[in-house]
Amino acid sequence: MKSPKSFYAPLAIGAPQPYRDRPVALERMIHFVPPHIEKMRAKVPDLIDKVDVVLGNLEDAIPADAKIDARKGFIQLAADNDFKDTGLWTRVNCLNSPWFLDDILQIVPAVGDKLDVIMLPKVEGAWDIHYLDQLLAQLEAQAGLTKPIMIHAILETAEGVKNVEEIAAASPRMHGMSLGPADLAASRGMKTTRVGGGHPDYAVLSDEDGAAGRTAYQQDLWHYTVGKMVDACLSYGLKPFYGPFGDFSDSDACQSQFRNAFLMGCLGAWSLHPSQIDIAKTVFSPDPGEVAFAKKILDAMPDGTGAVMIDGKMQDDATWKQAKVIVDLARLVASKDKAMGDIYGL
Ligand SMILES: CC(=O)SCCNC(=O)CCNC(=O)[C@H](O)C(C)(C)COP(=O)(O)OP(=O)(O)OC[C@H]1O[C@@H](n2cnc3c(N)ncnc32)[C@H](O)[C@@H]1OP(=O)(O)O
Ligand SMILES: O=CC(=O)O
Ligand SMILES: [Mg+2]
């Protein structure tokens, strides 16, 4: 374990100073774009105004014979657009693939000054983060970059879940983590072919229900992992995210999965299709009724201490902190999304 002094030291001479506090950014949806397809690249200017993060995907879902075009396409879309306050991320190929090294070696010098975050798939342990951390520092120094590129890990292997705390603690370059339910299901030997979401057979049966028979209550397959990820992330000041929901035809189930993640502490999810952008926007912007109630709590307890009754419910220091989480997030949403700001009255 490094000492605090060396933990925050740049890993290459001339590399930017690592962040002590991560930049504040609204990231309700990380929108995946397949950059090898010209028609998709052409949609980026429009997407910049609609999403919080545009991500050029180079890994799974990009065919092997299109990997190099995807990398070139990403560099082109990064260079051609002004992202304003919308994040620009890429998901690179995994560390043991034939493409990872060139992904990093070509993207950082070409458009590293515009890139906020690299999403690293199939992270197994802190050693994966240390390797990319060092490599990025060397390339940042060589390119004369002035702000560090952050790393976002996908939690999608059994070993990664086992090591989630060490991954979170690995570097000040860590931005956060996303749950990768598809690869994780395969890695764990789970018996599902779905990309995220529930499964009708993962259920608990009620006791005898009389004539109507017994009711099966479906459970959330991802509850344990999301909980573990949220605790690891929040202990180290990182941001947790739910990942993909593959059934584009089932917007209710997508919304429900996103909402469970939001309520458990996640700050966003991936949008793979334009239809999922508004779902994520709705879910990951706090509910206006909750914001109004949270404001009442903050107003009633200006210094955050004591106990008061509001609408028949006891409030104290702990609920003041809960209210602050919601109002702070609403303020962040309002700073980017004027329509929501008007609804919140912020
Ligand atoms: C397990 C994991 O790793 S998940 C992450 C990896 N997966 C991905 O990144 C997938 C990203 N999504 C996609 O590539 C596409 O949505 C696909 C290939 C799955 C489906 O695309 P299509 O068959 O074109 O879907 P559909 O016909 O419903 O699209 C409707 C419109 O939305 C566009 N669209 C679809 N997906 C996207 C996207 N991610 N971003 C921007 N536009 C999109 C289509 O181009 C089409 O536009 P048009 O009306 O101008 O023709
Ligand atoms: O990469 C995402 C996943 O679910 O796998
Ligand atoms: Mg995956």
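These numbers were taken from a predicted model, which means no experiment stands behind them. Note that ligands are numbered from 1 as they come in the structure, with each ligand's atoms numbered from 1 the same way.
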Atom indices of ligand 1 within 4.0 angstrom of [X] heavy atoms, with elements:
X      : result
Asp60  : 6 (C)
Asn57  : 6 (C), 9 (O)
Pro244 : 4 (S)

- request: Start with the C-alpha gap between Leu115 and Phe74, add the side-chain angles, then the distance that decides, and say whether side chain to side chain contact (heavy atoms under 4.5 Å, CB included) holds.
  value: CA-CA 11 Å; Leu115 189 61; Phe74 174 69; 3.8 Å; yes
Is a side-chain N or O of [X] found less than 3.5 angstrom from the main chain of [Y], in a donor-acceptor match?
X      : Y      : value
Thr86  : Ile48  : yes
Gln17  : Tyr8   : yes
Lys239 : Gly176 : no
Asp103 : Val92  : no
Asp317 : Gly306 : yes

Aromatic rings [X] and [Y]: how do their planes relate, parallel, tilted or perpendicular, breaks at 30° and 60°?
X      : Y      : value
Phe258 : Phe245 : perpendicular
His273 : Phe248 : tilted
Trp89  : Phe241 : perpendicular

For [atom], closest protein heavy-atom neighbour:
atom                    : result
atom 14 (O) of ligand 1 : Pro34 CG, 3.5 Å
atom 1 (C) of ligand 1  : Ala182 CB, 3.8 Å
atom 34 (N) of ligand 1 : Pro274 CD, 3.5 Å
atom 21 (O) of ligand 1 : Met40 CE, 4.6 Å
atom 30 (C) of ligand 1 : His273 NE2, 3.8 Å
atom 7 (N) of ligand 1  : Ala61 CB, 3.4 Å
atom 50 (O) of ligand 1 : Lys43 NZ, 2.7 Å
atom 51 (O) of ligand 1 : Lys39 NZ, 2.7 Å

Spacing of [X] atom [atom1] and [Y] atom [atom2] [to the nearest 0.5 Å]:
X      : Y      : atom1 : atom2 : result
Glu159 : Ile167 : CD    : CD1   : 8.5 Å
Leu120 : Glu59  : CG    : CD    : 9.0 Å
Ile297 : Gln315 : CD1   : CD    : 3.5 Å
Met229 : Tyr224 : CE    : OH    : 12.5 Å
Met177 : Ile151 : CE    : CD1   : 11.5 Å

Is [atom] close to the protein, meaning a heavy atom under 4.0 Å from it?
atom                    : answer
atom 24 (O) of ligand 1 : no
atom 9 (O) of ligand 1  : yes
atom 41 (C) of ligand 1 : yes

query: Has Arg91 got its NZ or CZ under 6.0 Å from the middle of the six-membered ring of Phe32, at an angle within 45 degrees of the ring axis?
result: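 No - Arg91 does not lie over the ring of Phe32 by the 6.0 Å and 45° rule.
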- prompt: Between Lys295 and Tyr344, is NZ or CZ placed under 6.0 angstrom from the six-membered ring centre and within 45° of the ring axis?
  reply: no
Note every protein N or O atom lying under 3.5 Å from an N or O atom of ligand 2, pairing the names and giving the distance.
{"unit_1": "ligand 2", "atom_1": "1 (O)", "unit_2": "Arg91", "atom_2": "NH1", "d": "3.0"}
{"unit_1": "ligand 2", "atom_1": "1 (O)", "unit_2": "Glu156", "atom_2": "OE1", "d": "3.0"}
{"unit_1": "ligand 2", "atom_1": "4 (O)", "unit_2": "Pro181", "atom_2": "N", "d": "3.0"}
{"unit_1": "ligand 2", "atom_1": "4 (O)", "unit_2": "Ala182", "atom_2": "N", "d": "2.7"}
{"unit_1": "ligand 2", "atom_1": "5 (O)", "unit_2": "Glu156", "atom_2": "OE1", "d": "2.9"}
{"unit_1": "ligand 2", "atom_1": "5 (O)", "unit_2": "Asp183", "atom_2": "N", "d": "2.8"}
{"unit_1": "ligand 2", "atom_1": "5 (O)", "unit_2": "Asp183", "atom_2": "OD2", "d": "3.1"}

What part of [X], side chain, backbone, both or neither, has a heavy atom within less than 4.0 angstrom of ligand 1?
X      : result
Arg91  : side chain
His31  : side chain
Leu272 : both

2.8 Å cut-off (strict), protein N, O or S atoms about the Mg ion (ligand 3): 2
query: Should the pair Lys84-Asp49 be classified as a salt bridge under the 4.0 Å nitrogen-to-oxygen rule?
result: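 Answer for the salt bridge query: yes.
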query: Strictly under 4.0 Å, does any heavy atom of Val33 approach an atom of ligand 1?
result: no
task: Have a look at Phe248, Phe245, Phe32 and point out the one with the heavy atom closest to atom 19 (C) of ligand 1.
output: Phe248
- prompt: Under 3.5 Å, is there a donor-acceptor pair between the His130 and Ser171 side chains?
  reply: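 Not at all, the side chains of His130 and Ser171 share no donor-acceptor pair under 3.5 Å.
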- request: Verify whether one side chain among His199 and Thr192 offers a donor that lies under 3.5 Å from an acceptor in the other.
  value: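 Note: His199 and Thr192 side chains miss the donor-acceptor criterion.
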